[in-house]
There are 2 protein chains.
Amino acid sequence: MGITIKQIAELCGVSIGTVDRALNDRPGISEKTKRRILEVAREHQYRPDLTARSLARGRTMTIGVVLFDLYNRSFAQLANAIERRSRERGYIVHLTLTGKDPEMEKNCLRQLVQRKADGIILCSVNEGARFEEELRGLLTPIVTVCNRISDRWPYVGIDDRGAMKEAVGQLLRKGYRRFVYVCPPLADRGRVNIHTQEQRWIGFREALEDGADAVSGGQGKFETAVIAQRDYLDALRRLDLAAGTGKTAIVCSCDAYALEVMHDCRSRGLRVPEDVGIMGFDNIDMLKYVSPRLSTVHYDMEEFGTRAADSLIAWIERGEAPSVPSLAYRWIEGESV
Amino acid sequence: MGITIKQIAELCGVSIGTVDRALNDRPGISEKTKRRILEVAREHQYRPDLTARSLARGRTMTIGVVLFDLYNRSFAQLANAIERRSRERGYIVHLTLTGKDPEMEKNCLRQLVQRKADGIILCSVNEGARFEEELRGLLTPIVTVCNRISDRWPYVGIDDRGAMKEAVGQLLRKGYRRFVYVCPPLADRGRVNIHTQEQRWIGFREALEDGADAVSGGQGKFETAVIAQRDYLDALRRLDLAAGTGKTAIVCSCDAYALEVMHDCRSRGLRVPEDVGIMGFDNIDMLKYVSPRLSTVHYDMEEFGTRAADSLIAWIERGEAPSVPSLAYRWIEGESV
DNA sequence: GTGAAAGCGCTAACAG
DNA sequence: CTGTTAGCGCTTTCAC
């Protein structure tokens with residue numbers, strides 16, 4: 001199935017070395033024989049066997065991608081962009097999904113290394129010194145995305161902390177003084193990589209600290225509650241949002257939560273933003289179908305993808321880990337706060 | 001980087017043949033030497049080089065996937081399911097995206113074949129005898145999904161014609177007698193694969209034909225308009241939905257269009273379903289954030305993925321193209337008709 | 001039981 | 001300019 005250089009060599013009455021020179025237009029071959037060889041190759045629809053080439057060259061022109069899943073719209077866009085850019089640059093993508101299972105993630109990585117992927121783009125759930133040791137042992141360029149691991153591996157993403165800080169600053173400016181922060185469980189720290197969520201959480205606190213100084217000269221803090229658990233809606237319902245003075249802003253660390261929260265609040269008869277303010281983070285594109293429009297933080301997932309691919313390829317081809325600057329983000333003024 | 005069987009052989013003072021027997025527990029080796037070899041292999045963290053194995057075995061344990069993109073939620077789910085199932089069964093996925101570009105699609109296919117993917121799951125935009133000839137020339141098992149090509153290649157999907165027919169039957173039963181059918185351009189037929197859209201369109205017409213017989217004994221047809229163009233919203237606006245008697249049902253061949261249409265109608269002050277009925281197709285999961293709930297046809301994209309993977313693997317491993325029965329679908333009663 | 005050797009298809013270094 | 005040869009790391013067949 002498919003003709004090989006050896007067969008071409010026989011057909012042309014030359015050696016495989018010569019065929020190789022012709023096919024990969026390497027120097028040291030006469031125009032005449034080259035033309036003849038190319039002609040024969042074309043006639044027989046010669047297509048080099050890339051697995052053989054990989055073995056010989058020691059490079060597979062393959063990029064391994066490790067993500068949680070593609071349910072999340074953002075991950076889908078990310079994968080899309082990575083594939084696009086990679087193939088533009090001559091690489092093909094091995095997609096592997098972990099389902100956020102630490103062991104599965106290790107399997108994926110191992111698998112990719114065994115298949116000799118030239119580099120890997122990783123959104124990790126694993127974390128910790130031991131995991132880093134394992135990563136180092138893979139001896140493969142790795143670029144992290146969405147979840148930073150450590151300075152040793154380039155990270156593509158925004159400054160989540162700064163972004164959240166700015167966003168909450170907007171709420172303060174609008175006059176909000178009571179806050180509920182809703183996010184996924186942060187307790188797994190150390191076992192599971194929640195770098196991004198953690199940064200946002202820090203950004204939230206910093207914004208309030210700075211705000212407290214500015215607003216009341218360091219006097220009275222703001223009223224805040226934190227909900228960081230799976231059944232966040234239940235927890236939220238137990239809170240009396242109307243108690244006290246002033247309107248509450250529910251700061252959600254991601255749009256997915258914000259949408260659920262908004263839905264739930266409204267089903268309880270709370271008007272948004274009249275009775276309660278809600279903000280999200282991520283600007284997932286589902287938002288365009290939702291009213292009132294959610295106020296949120298936007299960043300470009302596609303850019304994450306192309307940047308991650310570019311950085312990884314730079315590393316692969318230049319041999320040294322590149323440093324990647326934080327990408328841009330911006331506050332989206334909706335109608336929900 | 002990484003130890004090889006040759007090195008293990010030297011370390012153990014045996015031949016590589018023996019090492020191979022130990023590592024792949026093949027018969028013809030004493031328990032004792034086997035144990036010793038495995039011990040050494042474990043110590044040195046031996047991981048077989050899968051590119052080398054591929055070359056030697058003539059199988060890569062790789063499945064190529066060719067889709068349009070991952071923007072569409074359904075494709076993302078599809079890709080997700082394919083990856084999951086494939087890796088469960090020992091295969092890894094090569095993801096390639098065509099962006100609906102026929103030439104790009106051919107590139108992807110060629111690339112996958114050169115990389116010796118054991119089989120390919122394809123959602124094709126190309127179509128026609130010549131393309132089929134090319135596909136045949138690839139000499140690789142191919143399972144089609146979402147867009148059928150011909151009987152030569154197994155197709156995973158639902159009976160779109162039947163499903164649309166049933167759905168429109170629901171509308172007739174609800175009393176609708178005026179219809180606007182909205183779908184992507186159908187004019188590209190022959191050049192571009194629009195099998196699915198075509199089937200739905202046929203289903204729509206059949207439903208009305210059957211309905212005409214049933215309702216008025218073959219007398220008077222229903223009032224219908226068809227919009228099959230990129231700027232379908234503009235076209236729709238030009239229609240006077242209120243004219244004539246009875247309420248109009250806008251039958252959209254996909255939810256994406258239905259959502260846009262619904263949004264547009266409401267921005268024009270039309271109430272759904274009081275003034276106009278709208279139905280979609282696909283039951284994309286964005287719908288859960290939309291009210292009124294869209295009436296639509298549901299099918300399980302994940303099932304497409306696992307079935308496609310299973311069928312392809314069956315073909316790869318058993319050597320003969322499997323036949324795949326149509327998958328299940330069901331009408332979702334929403335509030336939009 | 002074990003070893004030797006011939007591939008898989010391509011690359012790359014070295015002779016001529 | 002062209003041919004030869006030795007790999008890449010693993011599999012597989014055939015001797016011993």
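Below, each value reflects all heavy atoms present in this structure, side chains not excepted, and no hydrogens, waters or symmetry copies. Residue numbers start from 1 in every chain, and the chains themselves are labelled A, B, ... in the order their sequence lines are given, proteins ahead of strands. Keep in mind it's a predicted model, so treat the numbers as computed, not measured.
- Across all strands, G17(A) comes closer than 4.0 Å to base atoms (heavy-atom distances).
- With rounding to whole Å, R26(A) atom CZ is found 17 Å from dC1(D) atom P.
- I29(A) comes within 4.0 angstrom of the backbone, heavy atoms only, and of no base.
- Positionally, the nearest nucleotide of DNA chain C for I16(B) lies more toward the 5' end than for the other of I16(B) and A56(B).
- Evaluation of atom-type donor-acceptor distances gives a pair under 3.5 Å for the side chain of R21(B) against the base of dG3(C).
- One atom, CZ of R47(B), and another, C1' of dG9(D), lie 16 Å apart when rounded to the nearest Å.
- What separates NZ of K32(B) from C1' of dT2(C) is a distance of 13 Å, to the nearest Å.
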Is there a salt bridge (Lys or Arg N to Asp or Glu O under 4.0 Å) between E133(B) and R136(B) once you walk through the steps? CA-CA 5 Å; E133(B) 186 52 49; R136(B) 214 168 295 119; 3.0 Å; yes
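- Side-chain polar atoms of R115(B) and Q111(B) form a donor-acceptor pair below 3.5 angstrom.
- The side chain of A52(B) has dC10(D) as its nearest neighbour among dC10(D), dC1(D), dT4(D).
- Nearest to the side chain of T4(B), among dC10(C), dT2(C), dG9(D), sits dG9(D).
- Backbone-only contact: D49(B) has heavy atoms under 4.0 Å from sugar-phosphate atoms and none from a base.
- Counting only N and O atoms by type, the side chains of D118(B) and T62(B) include no donor and acceptor under 3.5 Å apart.
- Neither side chain, T51(B) nor S54(B), offers a donor N or O lying under 3.5 Å from an acceptor on the other.
- The side chain of S30(B) sits closest to dT2(C) out of dT12(D), dC10(C), dT2(C).
- A donor atom on one side chain and an acceptor atom on the other are found under 3.5 Å apart for E302(B) and Y71(A).
- Side-chain atoms of N147(A) come within 3.5 Å of backbone N or O of S124(A) as a donor-acceptor pair.
- Rounded to whole Å, atom C1' of dT11(D) lies 8 Å from atom CG of N24(B).
- A straight line from NZ of K6(A) to P of dT5(D) spans 14 Å, rounded to a whole angstrom.
- Whole-Å rounding puts the M61(B) CE to dC8(C) P distance at 22 Å.
- With dC8(D), dC10(D), dC10(C) as the choices, the nucleotide that has an atom nearest any side-chain atom of Y46(B) turns out to be dC10(D).
- The residue T51(A) sits apart from the nucleic acid: no heavy atom pair falls under 4.0 Å.
- In the set dC10(C), dT2(D), dT12(D), dT2(D) carries the atom at the smallest distance from any side-chain atom of T33(A).
- Across all strands shown, L50(A) has no heavy atoms under 4.0 Å from either base or sugar-phosphate atoms.
- Of all nucleotides listed (dG3(D), dT11(D), dG3(C)), dG3(C) comes nearest to the side chain of T18(B).
- Distance, E10(B) CD to dG3(C) C1': 14 Å, rounded to whole Å.
- If L55(B) and K34(A) are placed on DNA chain D by their nearest nucleotide, the residue sitting closer to the 5' end is K34(A).
- Among the atoms of the strands shown, none is found under 4.0 Å from any heavy atom of G58(B).
- As a whole-Å value, the separation of R57(A) CZ from dA13(C) P is 12 Å.
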